[in-house]
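The structure appears right after this line, and notes come after that.
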Amino acid sequence: MADELVHYSAEHGVATITLDSPHNRNALSAQLRRELAERLERALGDDTVRVLVLDHTGPVFCAGMDLKEARGSGAGDQGVNEFPAILERIWTSPKPVVATLRGPARAGGVGIVAAADIAVAVTDATFAFSEVRIGVIPAIISVTVLPRLAPRAAHELFLTGDTFDAEHAARIGLINAAVPAERLDTEVGRYVRSLALGGPKALAATKQLLQGDSAAAMPERFAAMLATSAEFFAGEEGQEGITAFAEKRKPRWVPEGAGEA
């Protein structure tokens with residue numbers, strides 16, 4: 001039996017779900033996805049839990065999909081197939097969800113951050129929608145990310161794949177706050193205490209009010225984006241990009257000299 005990759009603890013009305021796969025930067029492997037989904041259901045099914053906190057070990061919050069598992073897989077075998085249910089569960093959770101970022105997030109990891117109600121990051125955390133650089137697209141995470149981002153920022157960052165810092169992430173609406181590392185737990189605790197003061201039914205209803213029709217439309221949108229994403233992951237361009245990433249080289253489509261200062 002493989003070691004547990006997602007830990008769960010609950011006390012004083014707060015369930016903490018901790019990603020603990022630092023060897024691959026908390027990438028969304030099949031085991032991690034399965035355990036994360038199980039821990040979310042456990043928290044949502046516990047009437048004593050009022051707030052969920054997503055945390056992590058290691059220097060990276062989440063690096064996105066596990067590209068080692070995606071390499072050489074067909075569209076029907078891609079890990080993206082199970083990911084929408086996780087994002088939807090976080091987004092539609094009747095209990096507030098707070099994401100704690102002690103380090104960077106990439107691709108699918110940014111989708112999790114966007115799905116949470118509140119997100120706080122250390123100032124030196126970085127973010128990137130790096131999908132286009134390996135020949136795939138940020139299709140699935142767009143369902144949770146686009147409602148958060150300023151439109152111009154979304155165009156720039158989705159298309160370029162450029163890295164941006166936590167302060168910029170806060171300015172464009174991806175996270176709520178960027179704070180020094182020594183203040184992170186204090187700031188997260190402040191949000192958690194404030195959320196715990198709300199009535200459970202009132203909080204759930206307020207989340208529905210804030211989401212409008214987005215939650216109802218989410219299954220259909222995820223289904224469409226899932227098909228597109230799986231096709232790109234399994235396609236020739238995506239597989240070349242994933243292989244190039246593993247081999248630490250530029251993909252074949254990059255023109256000679258491109259990207260050099």
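We use all heavy atoms of the structure for the numbers below, so side chains are in, but hydrogens, waters and symmetry mates are not.
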Review point. Does the pair I172 and F164 meet the rule for a side-chain contact (heavy atoms from CB on, under 4.5 Å), with working shown?
Key: CA-CA 11 Å; I172 63 177; F164 56 103; 4.1 Å; yes

Point to revise | T100 vs L184, side-chain contact (heavy atoms from CB on, under 4.5 Å): CA-CA, chis, key distance, verdict | key: CA-CA 8 Å; T100 305; L184 179 64; 3.7 Å; yes

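Formation of a donor-acceptor pair under 3.5 Å by the Q31 side chain with backbone atoms of D3 is found in this model. Not a single donor-acceptor pair under 3.5 Å links the side chain of S93 to the backbone N or O of I90. Distance alone, capped at 3.5 Å, is enough to place a donor-acceptor pair between the E35 side chain and the L5 backbone.
The pair E38-R42 does not count as a salt bridge, with every side-chain nitrogen at least 4.0 angstrom from each carboxylate oxygen. Using a 4.0 Å cut-off between a side-chain N of Lys or Arg and a carboxylate O of Asp or Glu, E82 and R34 do not qualify as a salt bridge. A salt bridge between R249 and E240 is present, with a side-chain N of the basic residue lying under 4.0 Å from a carboxylate O of the acidic one. Of the charged side-chain nitrogens involved, none lies within less than 4.0 Å of a carboxylate oxygen, so that D66 and R33 do not count as a salt-bridged pair.
Cluster annotation: V120 and V145 are assigned to distinct hydrophobic clusters (Ile/Leu/Val/Met/Phe/Trp/Tyr, side-chain heavy-atom contacts under 4.5 Å, transitive). Cluster annotation: I118 is not connected to F61 through the hydrophobic network of ILVMFWY side chains, with a link wherever side-chain heavy atoms come within less than 4.5 Å. Cluster annotation: V98 is not connected to L101 through the hydrophobic network of ILVMFWY side chains, with a link wherever side-chain heavy atoms come within less than 4.5 Å.
In this structure the side chain of L87 never reaches within 4.5 angstrom of the side chain of V143, judged on heavy atoms. Y191 has its side chain out of reach of V51: every pair of non-hydrogen atoms, C-beta onward, lies at least 4.5 Å apart.
Considering OG of S229 and CD1 of I140, their distance stands at 4.0 Å, rounded to 0.5 Å. If you take CZ on F129 and CG on D162, they are separated by 12.0 Å, rounding to the nearest 0.5 Å. For the atom pair D185 CG and E187 CD, the distance stands at 11.0 Å (nearest 0.5 Å). In this structure, OG1 on T123 lies 9.5 Å from CZ on R183, to the nearest 0.5 angstrom.
In this model, a donor atom of one side chain and an acceptor atom of the other lie less than 3.5 Å apart for D46 and T48. Defined by atom type and a distance below 3.5 Å, a donor-acceptor pair is present between the side-chain atoms of T57 and D20. Using modelled atom types and a 3.5 Å distance limit, the side chains of R133 and T160 yield no donor-acceptor pair.
Environment of CZ in R252: sparse, with no more than 12 heavy atoms of neighbouring residues, nucleotides or ligands closer than 6.0 Å. Applying the 6.0 Å contact sphere to CD of E236 captures no more than 12 heavy atoms from other residues, nucleotides or ligands. Heavy atoms of other residues, nucleotides or ligands lying less than 6.0 angstrom from CZ of F245 number 12 at most.
Grouped with L197 in a hydrophobic cluster is no other residue, since no side-chain heavy-atom contact under 4.5 Å to another Ile, Leu, Val, Met, Phe, Trp or Tyr is found.
The two atoms that bring F232 and G135 nearest to each other are CD2-O, 3.5 Å, heavy atoms only.
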